[in-house]
Amino acid sequence: MRLPSANRKAVWRVALTAVLGLTLAAGNAGAATPAPGVRSSTTQPPDVAVPPPGSVYASWTRSHDELAALVPRPRPSDVSSPRAIVTALHESLNGPKGTWNSARLRSLVVPNAVFMSLGQTEAGATTIGNNSLADFLKAVQDVHSQSGWYEYVTKIIDVSTVAKKGGDLAIVHYAGTASTTPHGKPVELGESQASLMFDGVRWWVVSDTW
């Protein structure tokens with residue numbers, strides 16, 4: 001995903017704890033000890049932010065039907081393979097200047113999908129930027145409020161998959177380009193990686209990094 005650099009910088013300066021309204025875990029010496037392997041706010045170090053109940057970043061386990069009920073209905077071809085969903089992810093951003101419809105993008109990703117990028121400060125230090133789905137959607141609309149925006153996957157470099165528990169995991173390494181007009185002069189280009197999961201019925205985007 002390749003939003004203009006200035007727009008990305010403004011969005012990704014927002015701390016994750018501020019964006020999500022996370023609260024720090026309070027110590028509770030009298031709490032019961034949780035079962036092994038179960039994460040609990042009472043066992044977290046005091047400086048680790050704990051998502052509030054109901055947050056998409058709180059712990060959850062959902063079936064295909066439960067996840068499907070949370071998002072717009074996808075185009076079947078969009079979620080049929082790792083290559084297809086990564087291609088669709090970028091095409092879902094496309095449109096002219098004005099109101100952008102986020103339904104296609106939201107149909108492709110799990111509710112707590114994250115969008116992360118490597119960047120640099122003016123002094124040359126490497127930074128890692130994180131964007132929640134809600135903030136990414138806002139950033140895309142902000143871009144469309146200023147100009148058209150069109151992204152395309154130009155090459156699938158590698159697809160690595162692992163079958164697991166009736167589903168699959170996948171990492172897709174790909175190259176893409178972006179412009180302000182359909183197939184116009186590139187204003188952003190480069191390589192990215194997407195992390196995907198298959199729930200036995202369809203593929204989901206878990207994260208996109210660039």
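The chain is numbered in sequence order, starting from 1. Just so it is clear, the structure is predicted and the values come from calculations on it, not from any experiment.
- Here the rule is side chain to side chain donor-acceptor pair (under 3.5 Å) with Tyr174, and of His90, Lys155, Glu191, Arg83 only His90 fits it.
- Under the 4.5 Å side-chain criterion, counting only non-hydrogen atoms from C-beta, Val206 is not in contact with Leu196.
- Ser92 and Leu105 make their closest contact through OG-CB, 3.4 Å (heavy atoms, listed as atom of the first residue, atom of the second, distance).
- Here the side chain of Gln146 pairs no donor or acceptor atom with the backbone of Val143 at under 3.5 angstrom.
- The CD1 atom of Ile128 lies 6.0 Å from the CE atom of Met116; values are rounded to the nearest 0.5 Å.
- Listed by chain and number, the residues in a ring pair (Phe, Tyr, Trp, His ring centres under 6.0 Å) with Tyr152 are His183 (sequence neighbours excluded).
- In the hydrophobic clustering of this structure, Leu118 groups with Val114; members are Ile, Leu, Val, Met, Phe, Trp, Tyr whose side-chain heavy atoms approach within less than 4.5 Å, directly or through other members.
- The minimum heavy-atom distance between Ala175 and Ile157, with the atom names listed, is N-CD1, 4.1 Å.
- A pairwise comparison of heavy atoms in Val109 and Val71 identifies O-CG1, 3.9 Å as the closest pair.
- Here the CG atom belonging to Asn101 is positioned 10.5 Å from the NE2 atom belonging to His144, to the nearest 0.5 angstrom.
- Atom-to-atom distance recorded for Tyr150:OH and Thr181:OG1 is 8.0 Å, nearest 0.5 angstrom.
- Using a 4.5 Å cut-off between side-chain heavy atoms of Ile, Leu, Val, Met, Phe, Trp and Tyr, with links allowed through other members, Trp210 and Ile156 fall into the same hydrophobic cluster.
- Panel note: side chain Gln141, backbone Gly98; a donor-acceptor pair is recorded below 3.5 Å.
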* Asked: Do Ser132 and Asp135 pass the side-chain hydrogen bond (donor to acceptor under 3.5 Å, both in side chains) test, and can you show the C-alpha distance, the side-chain angles, and the key distance before you say yes or no?
  -> CA-CA 5 Å; Ser132 69; Asp135 287 311; 3.1 Å; yes
* Under the side chain to side chain contact (heavy atoms under 4.5 Å, CB included) rule, what do Asn112 and Leu133 come out as? Steps first, then yes or no, please. => CA-CA 7 Å; Asn112 63 330; Leu133 174 60; over 6 Å; no
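- Between the side chains of Asp158 and His173, no donor N or O sits under 3.5 Å from an acceptor N or O.
- Counting all heavy atoms, side chain and backbone alike, Pro111 lies closest to Leu67 at CD-CD2, 3.8 Å.
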* So Asn130 and Phe115, side chain to side chain contact (heavy atoms under 4.5 Å, CB included) or not? Walk me through it. -> CA-CA 6 Å; Asn130 176 73; Phe115 302 85; over 6 Å; no
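- Rounded to the nearest 0.5 angstrom, Trp100 CH2 and Asp142 CG are separated by 11.0 Å.
- In terms of heavy-atom proximity, Val159 sits nearest to Pro82 at CG1-CB, 4.0 Å.
- Residues Ile171 and Val110 are members of separate hydrophobic clusters, defined by side-chain heavy-atom contacts under 4.5 angstrom among Ile, Leu, Val, Met, Phe, Trp and Tyr.
- For Trp204, there are no ring pair (Phe, Tyr, Trp, His ring centres under 6.0 Å) partners two or more places apart in sequence or in a different chain.
- Taking OG of Ser160 as the reference point, atom CD of Gln193 lies at 10.0 Å (rounded to 0.5 Å).
- Residue Ser107 comes nearest to Pro72 through the heavy atom pair CB-O, 3.2 Å, listed as atom of the first residue, atom of the second, then distance.
- Here the CG atom belonging to Asn94 is positioned 7.0 Å from the CD atom belonging to Glu151, to the nearest 0.5 angstrom.
- Applying the salt bridge (charged side-chain N to carboxylate O under 4.0 Å, His left out) rule to pairs touching residues 94-109 yields Asp78-Arg104, Glu91-Arg104, sequence neighbours excluded.
- The shortest distance between side-chain heavy atoms of Leu169 and Thr161 does not fall below 4.5 Å.
- Using modelled atom types, one side-chain atom of Ser179 and one backbone atom of Gly184 make a donor-acceptor pair closer than 3.5 Å.
- Connection of Met197 to Leu108 is not established within any shared hydrophobic cluster, with ILVMFWY side chains joined at heavy-atom distances below 4.5 Å, either directly or through further cluster members.
- Between Asp168 and Lys164 there is no salt bridge, since none of the side-chain N atoms of the basic residue sits less than 4.0 Å from a carboxylate O of the acidic one.
- Using the six-membered ring where Trp is involved, Phe198 and Trp203 have ring planes that are tilted, between 30° and 60° apart.
- Leu137 and Leu89 fall within the same hydrophobic cluster, where Ile, Leu, Val, Met, Phe, Trp and Tyr residues are linked whenever their side-chain heavy atoms come under 4.5 Å apart, directly or through other members.
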